[in-house]
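Let me begin by presenting the structure, written as structure tokens, before commenting on it.
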Amino acid sequence: MKKIEHELIVCIVNEGMSETVMDVAKEVGATGGTVIRARGTANKEAEAFFKITIDPQKEIVMILAPIALKEPIMHALYNKAGLKTPGQGITFSLPVDNVAGLNKQILETEKKEDQKEENK
């Protein structure tokens, strides 16, 4: 079985908050991301449960990151763009078992993270 080396971090936030998401993610090591505009379909029960008004206009930010950066990025996003912030964001990750076309900067970041793990 192939070792998972990357995670796709997905953060869904209110429209206009994708720049905040990327700024926060870059502070802890992300190198870039992709933003997709979307429309949410939450119902009134979800709004009542979370005690928030849900804006239907959304932005989906997708960040491909080395697995070692997954937790720091997700933790930072939770704190700065989570449900209790203006972004009202939710974040989740998916394992990525194969990647093509990564740039040199991402590969260098991976090597540094691997070296840190080996030195522990």
Side-chain angles (χ1 to χ4, degrees):
M1 182 173 205
K2 186 175 179 178
K3 178 182 172 192
I4 300 296
E5 297 178 3
H6 296 88
E7 290 277 332
L8 178 65
I9 300 167
V10 180
C11 186
I12 304 169
V13 291
N14 287 336
E15 185 175 46
M17 297 301 296
S18 60
E19 191 170 327
T20 299
V21 168
M22 282 311 310
D23 288 346
V24 168
K26 285 180 178 180
E27 285 176 11
V28 291
T31 57
T34 300
V35 178
I36 300 172
R37 297 196 185 278
R39 181 169 170 77
T41 60
N43 57 30
K44 295 296 177 192
E45 291 82 18
E47 288 183 346
F49 178 77
F50 290 114
K51 296 180 177 65
I52 58 173
T53 301
I54 298 176
D55 181 358
Q57 301 304 317
K58 302 291 180 189
E59 292 175 332
I60 302 169
V61 182
M62 299 182 301
I63 302 165
L64 182 65
I67 198 160
L69 292 178
K70 178 184 89 167
E71 290 298 326
I73 292 171
M74 290 186 71
H75 183 73
L77 292 177
Y78 172 79
N79 287 327
K80 303 282 175 94
L83 281 175
K84 297 182 188 238
T85 70
Q88 295 181 329
I90 62 166
T91 303
F92 60 92
S93 69
L94 301 168
V96 176
D97 66 356
N98 204 353
V99 177
L102 288 180
N103 66 30
K104 185 177 178 182
Q105 184 178 7
I106 291 174
L107 295 174
E108 288 173 0
T109 300
E110 282 182 4
K111 286 180 185 177
K112 288 178 186 176
E113 292 300 323
D114 287 344
Q115 288 172 351
K116 285 180 187 177
E117 289 295 317
E118 290 174 5
N119 292 333
K120 285 185 179 180

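Basis for what follows: all heavy atoms, side chains included, without hydrogens, waters or symmetry-related copies. Along the sequence shown, residues are numbered consecutively beginning with 1. Not measured: the values here are computed from a predicted model.
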Original post:
Checking Glu59 side chain against Ser18 main chain: does a donor-acceptor pair fall under 3.5 Å?
Top reply: yes
Subject >> Nearest-0.5 Å distance that lies between atom CG in Leu69 and atom CD1 in Ile63 >> reply: 10.5 Å
Original post:
Do you know which two heavy atoms are closest between Lys70 and Ser93, and how far apart they sit?
Top reply: CD-OG, 3.3 Å
Original post:
Same hydrophobic cluster for Val96 and Leu94, using side-chain heavy-atom links shorter than 4.5 Å among ILVMFWY?
Top reply: yes
Subject >> Exercise: identify the closest heavy-atom pair between His6 and Leu64 >> reply: CB-CD1, 3.9 Å
Original post:
Where do Arg39 and Gln57 land on the side chain to side chain contact (heavy atoms under 4.5 Å, CB included) test, with the steps shown first?
Top reply: CA-CA 5 Å; Arg39 181 169 170 77; Gln57 301 304 317; 2.9 Å; yes
Original post:
So how far is it from Ile60 CD1 to Thr34 OG1, rounded to the nearest 0.5 Å?
Top reply: 11.5 Å
**OP:** Kindly write out the residues that satisfy salt bridge (Lys or Arg N to Asp or Glu O under 4.0 Å) with Glu7, not counting sequence neighbours, or none if the list is empty.
**Re:** none
Subject >> Approximate separation, where rounding is to 0.5 Å, of Met74 CE and Ile9 CD1 >> reply: 6.5 Å
Original post:
Under 6.0 Å from the CD atom of Glu19, do we count more than 12 heavy atoms belonging to anything else shown?
Top reply: no
Original post:
Any link between Val10 and Ile4 through a network of hydrophobic side chains (Ile, Leu, Val, Met, Phe, Trp, Tyr) touching at under 4.5 Å?
Top reply: no
Original post:
Does one hydrophobic cluster hold both Val61 and Val28, with members joined at side-chain heavy-atom distances below 4.5 Å?
Top reply: yes
Subject >> Leu77 CG to Phe92 CZ distance, which is reported to the nearest 0.5 Å >> reply: 12.0 Å
Original post:
So how far is it from Asn98 CG to Glu5 CD, rounded to the nearest 0.5 Å?
Top reply: 10.0 Å
**OP:** To the nearest 0.5 Å, tell me how far Met22 CE sits from Met17 CE.
**Re:** 13.5 Å
Original post:
Please walk me through it: do Met62 and Leu8 pass side chain to side chain contact (heavy atoms under 4.5 Å, CB included)?
Top reply: CA-CA 7 Å; Met62 299 182 301; Leu8 178 65; 3.9 Å; yes
Subject >> With Gln88, the side chain to side chain contact (heavy atoms under 4.5 Å, CB included) member among Val13, Asn14, Ile12 >> reply: Asn14
